[in-house]
Amino acid sequence: MLIVTGTLSVVPSDLTNFMADLGPLAEATRRRDGSLFYHTAVLDARTGQLLVVERWRDEAALAAYLRSADTIAFLASWQGRLKSGIRVYDAENERPIATE
């Protein structure tokens, strides 16, 4: 499993438009084969900083998402207006944090 996480930054005045543009991509991404979790949250609207958290079944699923037409179009539309601090981590030995 892969975990993708980190921050994105946009100019604060662009935040509403960014989130509106991201909505359809996020919904489509959650339905993709291999997408286990895909969410973005505003950390600080004042600075335009967002948190990204994704989980992917494997490298092939993540690569297919990154090569998809909707992902490429979204990134192209925000090119030069988006700063990314996102990283990919390999995750093994997944388990719950607490027992029931």
Side-chain angles (χ1 to χ4, degrees):
M1 176 177 52
L2 299 176
I3 296 174
V4 178
T5 190
T7 58
L8 293 175
S9 297
V10 297
V11 173
S13 60
D14 284 343
L15 184 58
T16 299
N17 290 335
F18 178 82
M19 294 303 288
D21 287 355
L22 180 62
L25 177 64
E27 288 187 29
T29 300
R30 289 182 191 114
R31 292 189 301 269
R32 289 186 193 283
D33 180 46
S35 174
L36 305 174
F37 186 89
Y38 185 94
H39 288 280
T40 304
V42 176
L43 287 176
D44 187 348
R46 199 176 29 84
T47 63
Q49 190 174 50
L50 301 103
L51 173 67
V52 174
V53 181
E54 307 172 25
R55 287 183 13 192
W56 293 90
R57 178 187 61 226
D58 53 32
E59 192 73 41
L62 176 58
Y65 158 69
L66 293 172
R67 287 190 314 262
S68 68
D70 54 351
T71 300
I72 291 169
F74 174 81
L75 293 173
S77 74
W78 283 93
Q79 186 174 6
R81 300 183 293 156
L82 180 64
K83 293 181 185 175
S84 175
I86 298 175
R87 300 290 182 261
V88 179
Y89 302 89
D90 295 306
E92 296 181 19
N93 195 23
E94 180 182 4
R95 61 198 174 280
I97 197 164
T99 59
E100 295 180 27

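What you see is a predicted model, and the numbers here were worked out from it, not measured in a lab. In what follows, every heavy atom counts, from backbone to side chain, and hydrogens, waters and symmetry copies are set aside.
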K.L.:
Which atoms form the tightest heavy-atom contact between Asp21 and Pro24, and what is the distance?
P.N.:
O-CD, 3.4 Å

K.L.:
Can you hop from Leu82 to Val53 via hydrophobic side chains spaced under 4.5 Å?
P.N.:
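Each belongs to a different hydrophobic cluster.
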
K.L.:
For residues 25-32, which side-chain donor-acceptor pairs fall under 3.5 Å, sequence neighbours excluded?
P.N.:
residue	atom	partner	partner atom	Å
Thr29	OG1	Leu25	O	2.7
Arg30	NE	Tyr38	O	2.8
Arg30	NH2	Tyr38	O	3.1
Arg30	NH2	His39	ND1	3.3
Arg31	NH1	Glu27	O	3.3
Arg32	NH2	Ser68	OG	3.1
Arg32	NH2	Asp70	OD1	2.4
Arg32	NH2	Asp70	OD2	2.8

K.L.:
Can you sort out the partners of Asn93 under side-chain hydrogen bond (donor to acceptor under 3.5 Å, both in side chains), two or more places apart, ordered by chain and number?
P.N.:
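In terms of side-chain hydrogen bond (donor to acceptor under 3.5 Å, both in side chains), with neighbours along the sequence ignored, Asn93 is linked to no residue.
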
K.L.:
With sequence neighbours left out, what residues match Glu94 under salt bridge (charged side-chain N to carboxylate O under 4.0 Å, His left out)?
P.N.:
Arg55

K.L.:
Sort and list the pairs that fulfil salt bridge (Lys or Arg N to Asp or Glu O under 4.0 Å) and have at least one residue in residues 34-50, not counting sequence neighbours.
P.N.:
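Non-adjacent pairs meeting salt bridge (Lys or Arg N to Asp or Glu O under 4.0 Å): Asp44-Arg46.
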
K.L.:
Treating Ile, Leu, Val, Met, Phe, Trp and Tyr as nodes and any side-chain heavy-atom pair under 4.5 angstrom as an edge, say whether Val88 and Ile86 lie in one connected cluster.
P.N.:
yes

K.L.:
If you look only at distance, which donor and acceptor atoms sit under 3.5 Å apart when one is on a side chain in residues 1-19 and the other is two or more places apart or in another chain?
P.N.:
residue	atom	partner	partner atom	Å
Thr5	OG1	Val52	O	2.9

K.L.:
Does any part of the side chain of Thr40, heavy atoms only, come nearer than 4.5 Å to the side chain of Glu54, both counted from C-beta?
P.N.:
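Not in contact.
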
K.L.:
Between Leu22 and Phe74, is the side-chain contact (heavy atoms from CB on, under 4.5 Å) condition met? List the steps.
P.N.:
CA-CA 8 Å; Leu22 180 62; Phe74 174 81; 4.0 Å; yes

K.L.:
With sequence neighbours excluded, give me every salt bridge (Lys or Arg N to Asp or Glu O under 4.0 Å) pair touching residues 78-93.
P.N.:
none

K.L.:
Find out if a path of hydrophobic residues (ILVMFWY) with successive side-chain heavy-atom gaps under 4.5 Å connects Leu75 to Trp56.
P.N.:
yes

K.L.:
Show the numbers, then the answer: is there a side-chain contact (heavy atoms from CB on, under 4.5 Å) between Tyr65 and Ser35?
P.N.:
CA-CA 9 Å; Tyr65 158 69; Ser35 174; over 6 Å; no

